[in-house]
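To start, the structure itself, in structure tokens.
For clarity, every value in this text was computed on a predicted model and none was experimentally measured.
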Amino acid sequence: MTTLGDTDPDPTDALSPLPSRNGSGTPARGRLRFCYGPMDCGKSTLALQINHNHARQGRRGMLLVRHDRSGEPRISSRIGITREATEVGADTDLRQLVRREWVAGRPLDYLIVDEAQFLSAAQVEQLAELADEVSLDVYCFGIATDFRSRLFPGAQRLFELADDLQPVQVEVLCWCDAPGRFNARVADGEVLREGDTVVVADTAPGVVENASSPHWETELATLRYQVLCRRHFRLGDLGPASPQHGQLRLT
């Protein structure tokens, strides 16, 4: 039985240095990427496509999600493609998730993280550590701003730390045909300006989950989201067929 010396890396330690992948003797570094955009721009679809492409090349990855719209531990796209994923909790240490895979003899090459805006700043820092110290490629997908047009804490930290920032190129239009960037929260035809930062709903009425509740209280509601341009987000204008309420004064 071989005993590891004090200076030898433990192969079961997820944070041990990895051997060089580039043949130069220098340990390879992973990259932390953040792909962002408003609702309906295809972020989850892109996440699953990237996972498919990497898996076809024999790379092993792990899918992570925080508050998927389905309410289940999966990555779901609006075009109907879904994959099971590991749900990230508020207190999840992402380094430990990777460590457990290594201990089980399943070393990872990359991570896919959907709904990354809901991560804590500390969890984003853990992803950066995994990219730097374990050479994982980390792909994060999410919305930049909440329904008040303010950065989510997770998105803000990703903007600060990511190696690559990439807006998703599928253009989402406001009802006026201008580019839409703002995710308005709508209830009973009105744009809401106050409320919990994290309320998981879709772009159509349905089941709403209040993620600020310890056990995610679920209720039927007419709450939905609508992507608007800046002007109509400010005015609270949902279009000709909707009442115009909730004007935001920029004073």
Side-chain angles (χ1 to χ4, degrees), residues 14-15 17-18 26-48 50-51 54 61-69 75 85-99 108-172 179-185 195-200 211-212 225 227 230 233 250:
L15 298 183
L18 290 182
T26 302
R29 282 188 60 236
R31 296 188 69 82
L32 175 60
R33 299 171 170 88
F34 183 35
C35 300
Y36 62 95
M39 299 179 77
D40 286 336
C41 73
K43 297 181 298 297
S44 297
T45 303
L46 179 59
L48 294 175
I50 289 176
N51 177 63
H54 280 266
M62 188 176 190
L63 303 181
L64 306 176
V65 69
R66 175 80 170 136
H67 298 326
D68 184 73
R69 69 180 65 88
I75 296 177
T86 298
E87 179 72 28
V88 176
D91 299 324
T92 301
D93 187 326
L94 302 178
R95 298 165 301 181
Q96 294 301 323
L97 291 181
V98 173
R99 188 187 301 273
L108 299 173
D109 296 299
Y110 65 94
L111 295 176
I112 302 283
V113 187
D114 200 21
E115 306 295 353
Q117 73 273 10
F118 296 138
L119 298 178
S120 67
Q123 287 170 328
V124 173
E125 291 164 8
Q126 292 164 12
L127 292 175
E129 183 177 347
L130 288 169
D132 290 342
E133 306 301 334
V134 193
S135 303
L136 288 186
D137 289 321
V138 182
Y139 298 87
C140 294
F141 302 83
I143 297 169
T145 58
D146 64 19
F147 75 104
R148 303 165 301 171
S149 74
R150 298 174 185 170
L151 285 170
F152 282 100
Q156 178 178 335
R157 199 67 180 123
L158 280 164
F159 277 119
E160 294 165 346
L161 293 182
D163 297 291
D164 302 307
L165 297 170
Q166 180 181 340
V168 177
Q169 297 301 315
V170 177
E171 189 173 57
V172 181
R181 287 182 46 227
F182 297 87
N183 304 289
R185 184 182 292 172
D196 293 323
T197 302
V198 181
V199 177
V200 181
S212 66
Y225 288 95
V227 178
R230 183 178 63 225
F233 175 79
L250 299 181

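The shortest side-chain heavy-atom distance between L119 and L127 falls under the 4.5 Å cut-off. Side-chain contact between L130 and R95 is present, with at least one heavy-atom pair separated by less than 4.5 Å. No side-chain heavy atom of V113 sits under 4.5 Å from any side-chain heavy atom of V65. The side-chain heavy atoms of F141 and D114, taken from C-beta on, include a pair separated by under 4.5 Å. At least one side-chain heavy atom of L94 sits less than 4.5 Å from a side-chain heavy atom of V88. Residues V98 and L111 are in side-chain contact: their nearest non-hydrogen atoms beyond the backbone lie under 4.5 Å apart. The shortest distance between side-chain heavy atoms of R29 and S135 does not fall below 4.5 Å. In this structure the side chain of L161 reaches within 4.5 angstrom of the side chain of V124, judged on heavy atoms.
When the side-chain contact (heavy atoms from CB on, under 4.5 Å) test is applied to Q169, the partners found at least two apart in sequence or on another chain are P167. Among residues two or more places apart in sequence or in another chain, the side chain to side chain donor-acceptor pair (under 3.5 Å) test is passed with D163 by none. Looking at residues two or more places apart in sequence or on another chain, you find a side chain to side chain donor-acceptor pair (under 3.5 Å) between R31 and D164. Evaluation of the side chain to side chain donor-acceptor pair (under 3.5 Å) rule for E160 yields Q156, R157 as partners, not counting sequence neighbours. Legend: residues meeting side chain to side chain donor-acceptor pair (under 3.5 Å) with R181, ordered by chain and number and at least two apart, are absent. Every residue two or more places apart in sequence or in another chain that forms a ring-ring contact (aromatic ring centres under 6.0 Å, His included) with Y36 is listed here: F34, F159.
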### Query
Going through the distances and angles, do V227 and M39 end up as a side-chain contact (heavy atoms from CB on, under 4.5 Å)?
CA-CA 7 Å; V227 178; M39 299 179 77; 4.1 Å; yes
### Message
Quick one, N183 with D146, criterion side-chain contact (heavy atoms from CB on, under 4.5 Å). Give me CA distance, side-chain angles, the key distance, then yes/no.
### Response
CA-CA 7 Å; N183 304 289; D146 64 19; over 6 Å; no
#### Entry: Trace of the side-chain contact (heavy atoms from CB on, under 4.5 Å) decision for L108 with L136
CA-CA 7 Å; L108 299 173; L136 288 186; 3.9 Å; yes
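Between F152 and F118, the gap from one ring centroid to the other is short of 6.0 Å.
In this structure, T92 OG1 and L97 CG are separated by 6.0 Å, a value rounded to the nearest 0.5 Å. Taking CZ from R33 and OH from Y110, the interatomic distance works out to 13.0 Å, rounded to the nearest 0.5 Å. Atom CD1 of I75 is separated from atom CG of L64 by 7.5 Å, given to the nearest 0.5 angstrom. Between F233 atom CZ and R148 atom CZ the span is 10.0 Å, to the nearest 0.5 Å. Atom CG in L32 sits 8.5 Å away from atom CG in D132 (nearest 0.5 Å). The structure places CD of E125 at 10.5 Å from CG of L158, a figure rounded to the nearest 0.5 Å.
Scanning all heavy atoms of the two residues, the minimum distance from V168 to C41 falls at CG1-O, 3.3 Å.
Between the Q123 side chain and the G89 main chain, a donor and an acceptor come within less than 3.5 Å of each other. Without hydrogens or angle criteria, K43 side chain to C140 main chain gives no donor-acceptor distance under 3.5 Å. R66 contributes no side-chain N or O that, together with a main-chain N or O of A116, makes up a donor-acceptor pair within less than 3.5 Å.
Looking only at atom types and distance, the side chain of Q117 has a donor-acceptor partner in the side chain of E115 under 3.5 Å away.
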